[in-house]
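Shown next, in structure tokens, is the structure this report addresses.
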Amino acid sequence: MLDEPAAGMDATETKALLDLILEIRRRYGVAVIVVEHDMDLIMNLCERIQVLAHGEVIFEGTPAAVRASPRVREVYLGSG
């Protein structure tokens, strides 16, 4: 489990982190749980995502489903 592993990293460091986590998953066949605000990292790393708002899960699905979710957009971007 990783909690905010990309905090304070620049784009180059974040890419190296992404590559390292993907290699760990591939080599050892383990699940990796990541709590992170860097959405580029999450969207490129995760097969399934849980989106939280105020301590509650508001959506769960694939990166594509999260991107398409009206509920996620409403909560994180405002309704309009």
Minimum heavy-atom distance [X]-[Y], with the two atoms named:
X   : Y   : value
E36 : I42 : CB-CD1, 3.6 Å
T14 : M9  : OG1-CB, 3.5 Å
P63 : C46 : CG-O, 3.2 Å
V66 : M43 : CG1-CE, 3.7 Å
F59 : S69 : CD1-OG, 3.5 Å
R26 : E23 : NH2-OE2, 2.6 Å

(request) Measure the spacing between CG of N44 and CE of M39 and express it to the nearest 0.5 Å. (result)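 If we round to the nearest 0.5 Å, N44:CG and M39:CE are 10.0 Å apart.
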
(request) Give, for atom CD1 of I58 and atom CD of E74, the distance between the pair rounded to the nearest 0.5 Å. (result)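 These two atoms lie 8.5 Å from each other.
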
(message) With a 4.5 Å cut-off on side-chain heavy-atom distances among I, L, V, M, F, W and Y, is there a chain of contacts connecting L45 to M1?
(response)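 Shared cluster, no.
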
(request) Check the surroundings of atom CD in E47: do more than 12 heavy atoms from other residues, nucleotides or ligands lie under 6.0 Å from it? (result)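 It does not: E47 CD has 12 such atoms or fewer within range.
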
(message) I'd like to check the side chain to side chain contact (heavy atoms under 4.5 Å, CB included) partners of L2; sequence neighbours left out, ordered by chain and number.
(response)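 Checked L2 against side chain to side chain contact (heavy atoms under 4.5 Å, CB included); matches are P5, I21, V32, V34.
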
(request) With sequence neighbours excluded, tell me which residues meet salt bridge (charged side-chain N to carboxylate O under 4.0 Å, His left out) with D3. (result) none

(message) Just to verify, what does R67 make a salt bridge (charged side-chain N to carboxylate O under 4.0 Å, His left out) with, not counting sequence neighbours?
(response) none

My understanding is that only residues two or more places apart in sequence, or in another chain, count here; which of them pass side-chain hydrogen bond (donor to acceptor under 3.5 Å, both in side chains) with [X]?
X   : answer
E56 : none
D19 : K15
Q50 : E60

(request) Measure the shortest side-chain to side-chain distance between L22 and L18 over non-hydrogen atoms and say whether it is less than 4.5 angstrom. (result)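 The answer is yes; the side chains approach within 4.5 Å.
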
(message) Are the side chains of V75 and H54 in contact, using a 4.5 Å heavy-atom criterion?
(response) no

